[in-house]
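This report concerns only the one structure given below.
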Amino acid sequence: MPQKIELSTRDGETFSAYQCGNDAAQASVLILHEWWGLMPHNRLWAEQLAEQGYRTLAIDLYDGRLTDDSEQAATWMREIDQEAADRKLIAAIETLTEGNRKLGVYGCSFGGKQAMQASLLRPDSVTATALAYCRMETDVEKLACLQGPVLAIYAQQERTWPDKQESFEAAMTAAGKFTQSVGYDAAHGFTNPTSPRYNAAADRDAWGVLLEFFARHLK
């Protein structure tokens, strides 16, 4: 049954996570939340992925803080202690890869950036990375460390598109890595059902692409 659990970093710091799925699952998915904090729809993603046979964790990088105010969310994102967040990411990765499980990571916006960060922190442990409408890593030397493919989902109504897609694809090519790209005529936040920018059709299609990507690379 889905449950809230507490994890500890190697430094003894504790943080909460929402855990779903069978402990005997052969593959797992780590879910990273947007700048609002760990929201109900992030937990729903964990549940839906567990229904596909994955062991899942949606971890809380904000220590229980939640907001629907964009200014507050932006402040929290800017002020995050990335070194502390990295320790949480590593602890989650180690938990999900127990028993040699394959691991996928997924996040949107701030969560997408953290998903890539997780993959770069432990490239030998992450089999597949999925990101949606986030700041894209373009450091070729860093990307060269990746051991698995990247699914990049773009919101084509963002002012930074298509430049961000072109820059990321060029960097991945230079690093000798594979990326799958898919874009939607939708705004930033289109996968968040609580957002006024939510686009149900695009969200539904992107979720199908995500499931297919993980099924191909994790099972």
Going by heavy atoms in the side chains, are F15 and I59 under 4.5 Å from each other? yes
Smallest separation among heavy atoms of R135 and K164, with atom names: N-NZ, 4.5 Å
If you measure from CG on L151 to CZ on R216, what distance do you get to the nearest 0.5 Å? 8.5 Å
When rounded to the nearest 0.5 angstrom, what is the spacing between CG in L120 and CE in M116? 5.5 Å
Test: K4 and D60 ion pair at under 4.0 Å: no
Quick one: do L89 and Y62 end up in the same hydrophobic cluster if we chain Ile, Leu, Val, Met, Phe, Trp and Tyr together by side-chain heavy atoms under 4.5 Å apart? yes
How about S167 and M136: do any of their side-chain heavy atoms sit closer than 4.5 Å? no
Give, for atom NZ of K113 and atom CD1 of I80, the distance between the pair rounded to the nearest 0.5 Å. 9.0 Å
Atom pair OG1/CD1 of T9 and I90 - distance to nearest 0.5 Å: 9.5 Å
For atom CG of D68, decide whether the heavy atoms of other residues, nucleotides or ligands shown that lie under 6.0 angstrom number more than 12. no
Report the C-alpha separation of I5 and L57 in whole Å, then their side-chain angles, then the decisive distance to 0.1 Å, and conclude whether the side-chain contact (heavy atoms from CB on, under 4.5 Å) test is met. CA-CA 9 Å; I5 64 170; L57 276 179; 3.8 Å; yes
Verify same cluster id: W45, F213 (apolar side-chain graph, 4.5 Å): yes
If we count only N and O atoms by modelled type, under 3.5 Å, do the side chains of N192 and T194 hold a donor and an acceptor together? yes
CG of L131 to CD1 of I153, rounded to nearest 0.5 Å, is 8.0 Å
Transitively linked via ILVMFWY side-chain contacts under 4.5 Å: Y18 with L49? no
For Y54, does the six-membered ring have the charged nitrogen or CZ of K219 within the cation-pi criterion, i.e. under 6.0 angstrom from the centroid and within 45° of the normal? yes
Less than 4.0 angstrom from a charged side-chain N to a carboxylate O is my criterion; do R87 and E13 meet it? yes
Go through the side-chain N and O atoms of N100 and Q26 and say whether any donor and acceptor fall under 3.5 Å apart. no
Under 3.5 Å, is there a donor-acceptor pair between the side chain of S109 and the main chain of G111? no
For A171 and V140, the nearest pair of non-hydrogen atoms, with its separation, is O-CG2, 3.9 Å
Work out which heavy atom in S28 is nearest to a heavy atom in L218; give both atom names and the distance. O-CD1, 3.8 Å
Rounded distance [0.5 Å steps], NZ in K177 versus CE in M172: 8.0 Å
For atom CD of E83, decide whether the heavy atoms of other residues, nucleotides or ligands shown that lie under 6.0 angstrom number more than 12. no
pair R101-R55: side-chain heavy atoms closer than 4.5 Å: yes
Check for a donor-acceptor pair, side chain of E34 on one end and backbone N or O of W36 on the other, with a separation under 3.5 Å. no
Shortest non-hydrogen pair, F190 vs A206, comes out as CE1-CB, 4.2 Å
How about V105 and V29: do any of their side-chain heavy atoms sit closer than 4.5 Å? no
Y154 and Y184: aromatic ring centres closer than 6.0 Å? no
Run the numbers on F110 and Y133 for ring pair (Phe, Tyr, Trp, His ring centres under 6.0 Å), then give the verdict. CA-CA 9 Å; F110 168 77; Y133 49 80; over 10 Å; no
So do the side chains of R43 and P2 get within less than 4.5 Å of each other, counting heavy atoms only? no
Do the ring planes of Y106 and W207 sit parallel (below 30°), tilted (30 to 60°) or perpendicular (above 60°)? perpendicular
Would you check if the side chain of Q147 reaches a backbone N or O of C145 as a donor-acceptor pair within less than 3.5 Å? yes
Are Q165 and S181 close enough that some pair of their side-chain heavy atoms sits under 4.5 Å apart? yes
Out of curiosity, does L7 fall in the hydrophobic cluster containing L121 (side-chain heavy atoms, cut-off under 4.5 Å, transitive links)? yes
Is there a donor in the side chain of E212 and an acceptor in the side chain of Q180, or the other way round, less than 3.5 Å apart? no
Partner set under salt bridge (charged side-chain N to carboxylate O under 4.0 Å, His left out) for E94, not counting sequence neighbours: R10
For a 4.5 angstrom cut-off between non-hydrogen side-chain atoms, does L61 reach L32? yes
E6 vs S16 side-chain heavy atoms within contact, under 4.5 Å: no
What are the two closest heavy atoms between T56 and A46, and how far apart are they? OG1-O, 3.0 Å
Take atom CZ in R197; do more than 12 heavy atoms of anything else shown fall under 6.0 Å from it? no
Any donor-acceptor pair under 3.5 Å from R122 side chain to S119 backbone: no
Report whether V182 and F178 are members of the same hydrophobic cluster (ILVMFWY, side-chain heavy atoms less than 4.5 Å apart, transitive linking). no
Is the side chain of N42 donor-acceptor paired with the backbone N or O of M39 at a distance under 3.5 Å, no angle test? yes
Nearest atoms (heavy-atom pairs only) where V150 meets F168: CG1-CZ, 3.9 Å
